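One structure is given here, and the rest of the page talks about it.
Computed from a predicted structure; not experimentally measured. Labels below follow one simple rule: chain letters A, B, ... track the order of the sequence lines, proteins then strands, and each chain is numbered from 1.
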There are 2 protein chains.
Amino acid sequence: MSTAEEMAGGDPQPWAEVTPDAARRLLVAAVEAFAERGYHATTTRDIAGRAGMSPAALYIHYKTKEELLHRISRIGHEKALEILRTAARREGSATERLTDAVSSFVRWHAGGRTTARVVQYELDSLGPDARAEILALRRLVDAEVRGIIEEGAASGEFDVLDVRGTTLAVLSLCIDVARWFNVDGPRTPEEVGALYADLVLRMVGAKSGAAQK
Amino acid sequence: MSTAEEMAGGDPQPWAEVTPDAARRLLVAAVEAFAERGYHATTTRDIAGRAGMSPAALYIHYKTKEELLHRISRIGHEKALEILRTAARREGSATERLTDAVSSFVRWHAGGRTTARVVQYELDSLGPDARAEILALRRLVDAEVRGIIEEGAASGEFDVLDVRGTTLAVLSLCIDVARWFNVDGPRTPEEVGALYADLVLRMVGAKSGAAQK
DNA sequence: GAGCACGCTAAGCGAGCGCTCACCTTCGGC
DNA sequence: GCCGAAGGTGAGCGCTCGCTTAGCGTGCTC
């Protein structure tokens, strides 16, 4: 929730839907800790400490440590899905919508890298029920991107041999940004978003010459 | 070291450089356990149990649990680097060498997903010294791929705006295969390798019409 | 065939884990 | 001004963790 995240395209009012205030502070602390050290290497004492509370306070708002991860993961996936839906359902050609989808999705992963890391890489730490729920959200994410690519391919705007495989690769490329992106590195989230949108248009064989912007 | 990994393009004699036999069995058990549950969620008792030994046996061959991860990571990165070097330094055009590099690199990540997962995703679990050593290997990996792309761009074979950014994206795409690839899924490592080689050629704007194979 | 290095085990240590419990504040309603 | 609910704390329980230590069997050496 620090300034870096907000400046870099993150939500200006992140986790606003989490109430009361103490529960939100704990959740934000958990996001930071999970992103830094991973779920299993994070202790409940660490989370409570970051939120300025005693270890016991965590259990007033959350039943277990896993429930914290579950809540983070669900809210994060819903946010990711919303970003892609907005891009997929706006006006414009498949090329424009794919550009919008990739650049905004990448901006979210780069700018909110802390959150995105937890959302994308701690899925296996959830129990079976929670994981199944999150996997359903991921299928919706996949469907949004696949929809754009299918439409572009059907209209002749794109040139794609394997729609499912290409969709997988596009999402994979975007998601992996959360692994390598460095806030102190040479690229801003906006730059990476623009670069990746161009690369993805090339991958789908979009007709417009994105090669020479 | 199971059949699936060997059939799918993995090393037929994996971890042969690790001796004595008991040390290799422990290391193979650790790879499996780390890949399944992650480093921090894996106990030394679990590793020893998989290798058919008592927990104490681990400490005869390795000083700590982290030394196991360090050894796995270094051997894995050396193997990955060797794969890319072989492709980068063979005869042929930049297009041919990039195709070779991507398809073999992807085959390794898909076929040896167990190993690749540990190698690519447990880097943060290492201590500062070990992590620095591994990061040096990763820079060599990056340099091999960047070299091919630079040569293709210089000769006019490729059309690339941002060589460093494109290199990053290509490697990112390949590495993320270890996250999503499923041995029981619909695609073989060879199919993913071929698909990804085609997508990467599109990303670098290779002149040859890979779009219509 | 005695001596011994080596590989391994059974038992367990100190520490830190997730989580609980008894109790303490604060504060709005009447 | 009293009261109960809501939200917090300090202490600590039971457990499992990474790792150690004392001792045992086995096979090689001479």
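Close to D:dC19, at under 4.0 Å from its OP1 or OP2, lies a side-chain N or O of B:Y59. Side-chain N/O atoms of B:H61 include one lying less than 4.0 angstrom from OP1 or OP2 on C:dC8. Put simply, B:T44 has a side-chain N or O that comes within less than 4.0 Å of OP1 or OP2 on D:dG18.
The side chain of B:K65 has D:dG18 as its nearest neighbour among D:dG18, C:dA10, C:dC8. In the set D:dG7, C:dC8, D:dG10, the nucleotide with an atom closest to the side chain of A:S54 is D:dG10.
The CD-P distance, from B:E67 to D:dG18, rounds to 15 Å in whole Å. Atom CE of A:M53 is separated from atom P of C:dT25 by 18 Å (rounded to the nearest Å). Distance A:L68 CG to C:dG18 C1': 13 Å, rounded to the nearest Å. With rounding to whole Å, B:E66 atom CD is found 16 Å from D:dC17 atom C1'. Rounding to whole angstrom units, OH of residue A:Y39 and P of C:dG18 are separated by 8 Å. Distance B:L58 CG to D:dT20 P: 11 Å, rounded to the nearest Å. Distance, A:H40 NE2 to C:dG18 P: 11 Å, rounded to whole Å. The nearest whole Å value for the distance from the OH atom in B:Y62 to the P atom in C:dG7 is 13 Å.
Residue-level contact check: B:T43 touches the backbone only, with heavy atoms under 4.0 Å from sugar-phosphate atoms and none from bases.
Under the 3.5 Å distance criterion, with hydrogens and angles disregarded, no donor-acceptor pair is assigned to the side chains of A:E122 and A:H40.
Formation of a donor-acceptor pair under 3.5 Å by the B:H61 side chain with backbone atoms of B:A57 is not found in this model. A donor-acceptor pair is defined here as one N or O able to donate and one able to accept, closer than 3.5 Å; such a pair exists between the side chain of A:R113 and the backbone of A:A178.
Atom CZ of B:R85 is separated from atom CD of B:E144 by 5.0 Å, given to the nearest 0.5 angstrom.
A side chain to side chain contact (heavy atoms under 4.5 Å, CB included) with B:S73 holds for exactly one of B:V118, B:L68, B:I134, B:T115; it is B:I134.
With hydrogens and angles ignored, a donor-acceptor pair under 3.5 angstrom links the side chain of A:R45 to the base of C:dG18.
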